[in-house]
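Everything numeric in this text was worked out from a predicted model, so none of it was measured. Naming: A, B, ... by sequence-line order, numbering from 1 per chain.
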Number of protein chains: 4
Amino acid sequence: MRQATPTSRQSAASKHVKARAVSPRSKRAHVLKGAAGARRASSPDLPRKLPRQPRAHETVKAILQAAAKLIAEQGFALMTTNKIAERAGVSIGSLYQYFPNKTAILTSLLEEHQAGIQPVIEQSMRELEDPKLAFSEAIRRLFVRLLEKHAVHPRLNRVLAEEVPRTRRAIALDRHNEEAYVNRVVEILRKRRDTRVAHPIAMAHILFQATQALTRWLAHTPPEIHIREACIDEAVKMLSVYVQERRRRSAG
Amino acid sequence: MRQATPTSRQSAASKHVKARAVSPRSKRAHVLKGAAGARRASSPDLPRKLPRQPRAHETVKAILQAAAKLIAEQGFALMTTNKIAERAGVSIGSLYQYFPNKTAILTSLLEEHQAGIQPVIEQSMRELEDPKLAFSEAIRRLFVRLLEKHAVHPRLNRVLAEEVPRTRRAIALDRHNEEAYVNRVVEILRKRRDTRVAHPIAMAHILFQATQALTRWLAHTPPEIHIREACIDEAVKMLSVYVQERRRRSAG
Amino acid sequence: MRQATPTSRQSAASKHVKARAVSPRSKRAHVLKGAAGARRASSPDLPRKLPRQPRAHETVKAILQAAAKLIAEQGFALMTTNKIAERAGVSIGSLYQYFPNKTAILTSLLEEHQAGIQPVIEQSMRELEDPKLAFSEAIRRLFVRLLEKHAVHPRLNRVLAEEVPRTRRAIALDRHNEEAYVNRVVEILRKRRDTRVAHPIAMAHILFQATQALTRWLAHTPPEIHIREACIDEAVKMLSVYVQERRRRSAG
Amino acid sequence: MRQATPTSRQSAASKHVKARAVSPRSKRAHVLKGAAGARRASSPDLPRKLPRQPRAHETVKAILQAAAKLIAEQGFALMTTNKIAERAGVSIGSLYQYFPNKTAILTSLLEEHQAGIQPVIEQSMRELEDPKLAFSEAIRRLFVRLLEKHAVHPRLNRVLAEEVPRTRRAIALDRHNEEAYVNRVVEILRKRRDTRVAHPIAMAHILFQATQALTRWLAHTPPEIHIREACIDEAVKMLSVYVQERRRRSAG
DNA sequence: GATGAATGAGCTTTCATTCAT
DNA sequence: TATGAATGAAAGCTCATTCAT
């Protein structure tokens with residue numbers, strides 16, 4: 001389940017930003033002119049170079065860290081490429097050596113976050129498949145782990161999810177992800193019980209969307225602490241009862 | 001349940017936008033209290049002047065319509081005040097006679113949408129209270145009506161919900177709204193059954209968040225049509241089973 | 001005696017200017033303290049960046065020169081940042097790399113003028129202290145030198161003194177300057193004669209204000225040439241007689 | 001002695017303002033199209049109409065009062081014609097019925113102030129002529145009365161003197177005024193003593209400029225109260241000693 | 001006359017991106 | 001390769017003034 005930009009939202013971003021990042025590259029934008037070397041094909045929002053040398057690696061890391069901090073501290077709108085470079089202790093020119101544009105930095109950040117979430121999802125999928133584990137327990141673990149992940153850089157994650165303009169690429173990626181998880185869940189649903197559900201695909205989508213939304217809500221707009229615990233319980237309850245009701249019905 | 005900007009997110013938008021819309025408007029700092037006229041109190045994101053003459057009313061309407069169209073067509077980032085004015089066939093000066101800043105236009109649009117949703121919520125609340133109506137049926141009607149409302153300007157609503165930077169004011173309003181609906185739902189939950197639920201408040205929050213997220217997903221990221229119907233069924237199923245399970249449990 | 005912006009006057013300038021220059025710059029609110037680089041602390045009206053490379057130095061110089069010319073030719077009101085940049089043969093972006101806002105350019109110009117006046121004042125102070133030099137002669141020399149300085153860019157200096165909106169900062173600086181010179185003059189008065197004057201502080205203020213006003217008047221609103229010479233004589237006369245009368249009286 | 005805009009100062013005013021008020025009327029400016037009735041010849045900065053009816057008189061008064069208050073409270077830059085009209089409880093259209101442009105309002109205000117000062121000057125001139133009154137006493141009375149006048153609307157007077165852009169017309173008027181007073185003073189100087197002064201004209205100018213500058217300084221930048229009194233004493237001292245020294249010398 | 005809605009040139013300022021050094 | 005000065009399109013917003021009603 002992709003966590004960073006769920007129901008998917010994004011912000012206005014600078015009109016500048018937007019006008020430039022979202023619309024076809026402004027006139028002064030220059031396409032990476034087939035430069036060879038360690039460059040990837042010039043897909044717009046991907047890092048420009050695969051850093052080869054350790055120094056380069058560090059530069060890239062510094063840039064991403066600086067960007068993350070800026071976003072977390074000041075919000076997306078105040079995150080400018082020049083500030084990122086300054087914070088990273090790198091010249092703006094160098095920044096553009098490693099990232100073709102601002103969007104690419106955000107994409108990297110997003111992908112980093114996703115990469116962090118990936119194992120959590122994987123493990124939860126395995127647990128869901130495990131017949132020895134109660135559904136509700138598996139779901140609870142999923143929730144708890146996702147919330148843990150979000151707790152590491154809560155502000156960053158929130159901003160990434162809510163404020164950063166979504167590129168076409170990011171949207172497509174999300175859809176693709178959802179599709180993948182849905183397929184996986186459908187299979188699990190089929191395996192876990194003998195009876196067919198009316199619409200396993202629909203069910204999987206609902207589970208995906210609900211989990212995503214509730215996780216995000218709990219992570220980003222924390223209700224008072226004592227309600228929060230209850231909310232987790234309730235969320236888990238809702239989802240597991242939902243699935244089990246099916247089983248019960250079909251079993252009944 | 002407020003649908004327009006729920007867990008909703010937004011960012012700072014353009015540094016322009018941010019710097020101006022978020023910081024206190026310095027000039028307007030001293031309001032001339034003696035002055036009468038058709039001005040509202042100078043709260044930042046509220047319309048500046050109440051139109052007095054029919055001509056003015058039309059201007060305001062034209063501006064809002066133009067803004068809505070631009071947003072729907074090009075996304076928030078490409079919506080500039082100058083373009084709005086142009087599209088509205090109105091001078092930029094006129095625009096600023098009625099809206100103190102760009103954000104105020106969005107706020108108006110948002111409030112318009114909210115106003116449209118309000119009666120739907122009201123009716124659904126009444127239906128939920130009605131013991132003669134099955135929970136699941138009440139919830140299904142809620143979903144259907146919300147989706148109908150969202151179907152009027154789907155792209156506009158999506159952008160409003162996902163792309164538009166949320167002001168402090170809007171965020172506070174959302175929280176307040178959620179609180180209100182939660183309270184309402186809690187009461188309904190208590191009335192509808194004899195037994196107490198463990199955490200009616202938590203339950204109400206979960207219902208609110210889930211309904212909001214699923215409505216939005218269904219309205220804005222439409223899955224293929226034949227899946228869509230099933231998804232509505234599933235969503236309704238999930239929510240009503242969730243509530244009824246409680247009853248069953250507590251009753252059992 | 002500081003000559004550039006004495007009792008000086010100015011207004012808010014454009015509402016633009018005011019609204020922006022006077023209110024705290026919202027964005028710059030959080031200064032990234034970690035960031036090194038050639039930036040000064042982000043005080044509103046100070047230059048933004050210290051130029052590091054010769055090219056940058058030239059840019060700054062060109063901007064200041066262009067601003068000075070525009071002011072002298074067209075007055076402050078017609079001096080716009082875009083015109084300055086154009087005249088300087090520099091992009092508007094470059095201008096804003098070195099000056100955070102329009103006011104900062106004026107501040108620089110003012111400080112430049114002040115820096116030019118400083119040695120004149122210093123020398124005159126020394127001469128006033130010198131018992132071998134007649135008071136009247138010392139004062140005459142002060143006048144002559146100040147007028148010489150003002151003669152370099154008379155129109156610029158006039159506009160700077162009369163038309164340019166004074167920032168809080170500038171006003172405070174002026175007060176501070178006056179205070180400093182007054183203290184200095186008070187000491188000199190005490191040293192130069194055995195008897196105490198009734199109110200050396202008041203006397204010093206009067207001398208400061210009168211000198212400043214008369215210098216400015218002579219430099220900026222030149223009376224016909226043959227009267228001008230007489231006016232200098234009279235001004236010197238007035239001031240020196242004023243001081244000496246005291247001595248005579250107290251001695252008598 | 002004209003007090004309102006002495007060494008002549010003006011401000012930046014809005015760039016808008018300036019660009020429009022100082023430079024030749026912007027294109028949209030329309031010349032009063034020979035409208036007959038109670039109109040004066042269309043000199044730009046004079047009130048447009050001589051109000052005939054009492055109601056009109058009140059309107060004009062209300063406008064001027066509103067303008068004065070706005071200036072005093074918020075400074076010149078925040079004084080806009082629309083705000084003036086609003087404050088005056090008059091429509092912006094009406095305002096432009098009585099004043100051809102913003103400058104005319106300021107001109108009126110300035111002239112009002114001058115008119116108030118006029119009798120003070122007249123009386124002082126008579127006292128200066130009066131051989132029974134000591135010079136120093138006459139000058140002291142002049143100072144005291146000028147300061148009293150300035151004390152009525154101190155902020156308004158300061159802003160009028162320091163912030164308001166000076167029109168060509170206002171500058172010319174000032175020069176003319178200075179000329180007139182200088183001539184008057186020259187005659188008085190000649191009458192009051194038998195001997196000729198070296199440069200009565202120069203002396204008169206110096207007296208005029210010094211008095212003006214010191215009055216303004218004392219009125220607008222008030223030093224601490226106990227110093228203030230001493231400063232008045234010193235100012236009077238300086239001026240009277242200056243004149244009397246002449247007499248003494250020529251007599252000696 | 002009075003009203004007030006409308007106008008629009010023009011201002012300040014930003015920031016992603018380029019490219020000479 | 002790294003640097004950082006330079007670029008400039010474009011955005012939000014103001015306010016003196018006009019003119020239809």
Side-chain angles (χ1 to χ4, degrees), chain A residues 14-17 19-21 25-30 53 55-56 59 80-83 85-86 90-97 100-103, chain B residues 14-17 19-21 25 27 37-38 49 51-53 55-56 58-59 80-83 85 90-98 100-102, chain C residues 14-17 19-21 25 27 37-38 49 51-53 55-56 59 80-83 85 90-98 100-102, chain D residues 14-17 19-21 25-30 53 55-56 59 80-83 85 90-97 100-103:
Chain A
S14 140
K15 322 226 149 169
H16 288 300
V17 167
R20 305 195 187 194
R25 298 254 73 76
S26 67
K27 46 207 106 143
R28 293 212 285 119
H30 77 159
Q53 302 166 8
R55 183 158 55 125
T59 301
T80 72
T81 50
N82 282 288
K83 272 197 212 154
E86 192 179 351
V90 155
S91 75
I92 182 67
S94 292
L95 185 153
Y96 276 90
Q97 294 256 331
N101 52 47
K102 199 188 174 185
T103 305
Chain B
S14 138
K15 320 221 152 173
H16 286 302
V17 169
R20 306 194 185 192
R25 326 244 74 220
K27 299 186 210 165
K49 234 190 206 177
R52 278 268 176 98
Q53 301 177 2
R55 185 164 49 136
E58 272 163 42
T59 300
T80 75
T81 50
N82 282 294
K83 272 197 217 154
V90 151
S91 78
I92 183 66
S94 290
L95 187 154
Y96 277 94
Q97 290 248 349
Y98 298 103
N101 51 50
K102 202 187 167 185
Chain C
S14 138
K15 320 222 153 172
H16 286 301
V17 168
R20 307 196 185 191
R25 326 244 71 224
K27 301 189 209 164
K49 234 190 205 177
R52 279 267 176 98
Q53 301 178 3
R55 185 166 48 136
T59 299
T80 75
T81 50
N82 281 293
K83 274 198 216 153
V90 151
S91 77
I92 182 65
S94 290
L95 186 154
Y96 278 92
Q97 291 247 346
Y98 298 103
N101 52 50
K102 204 188 166 185
Chain D
S14 138
K15 323 228 147 167
H16 288 299
V17 168
R20 305 194 187 192
R25 297 255 71 76
S26 67
K27 44 206 107 145
R28 292 211 283 120
H30 77 157
Q53 302 166 10
R55 183 156 58 124
T59 301
T80 72
T81 50
N82 282 288
K83 273 197 212 154
V90 154
S91 76
I92 182 68
S94 293
L95 185 153
Y96 276 89
Q97 293 256 333
N101 53 46
K102 199 187 173 185
T103 306

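- Dashed line: the shortest gap from a side-chain N or O of C/Thr59 to OP1 or OP2 of F/dA5 is not under 4.0 Å.
- Distances from the side chain of A/Asn82 to the nucleotides F/dG4, F/dC13, E/dT17 place E/dT17 closest.
- Comparing F/dG4, F/dT7, E/dA5 by their closest approach to the side chain of B/Ala56 singles out E/dA5.
- Distance A/Leu95 CG to E/dT17 C1': 11 Å, rounded to the nearest Å.
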Can you give me the dot-bracket string for DNA chain F, 5' to 3', counting Watson-Crick and G-U wobble pairs with both distances under 3.5 Å, using [ ] for crossing pairs and | for partners on another strand?
.||||||||||||||||||||

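- Among the nucleotides F/dA2, E/dG4, E/dT7, the one closest to any side-chain atom of D/Ile92 is E/dG4.
- In this structure, C/Lys83 atom NZ and E/dT13 atom P are separated by 16 Å, rounded to whole Å.
- Among the nucleotides E/dA5, E/dT17, F/dT14, the one closest to the side chain of B/Tyr96 is F/dT14.
- Nearest to the side chain of D/Ser94, among E/dT3, F/dT17, E/dA6, sits E/dT3.
- Taking side-chain N and O atoms only, C/Ser91 has no distance below 4.0 Å to OP1 or OP2 of F/dG8.
- Of the listed nucleotides (F/dT17, F/dT7, E/dA2), F/dT7 has the atom at the smallest distance from the side chain of C/Gln97.
- Out of F/dA16, F/dA9, F/dA6, the shortest distance to the side chain of C/Tyr98 is found at F/dA6.
- Nearest to the side chain of B/Asn101, among F/dA6, F/dA2, F/dC13, sits F/dC13.
- Residue A/Lys102 contributes atom NZ, which lies 11 Å from atom C1' of E/dT14 at whole-angstrom precision.
- Residue order along DNA chain E, read from the 5' end via each residue's closest nucleotide, puts D/Gly93 first among C/Gly93 and D/Gly93.
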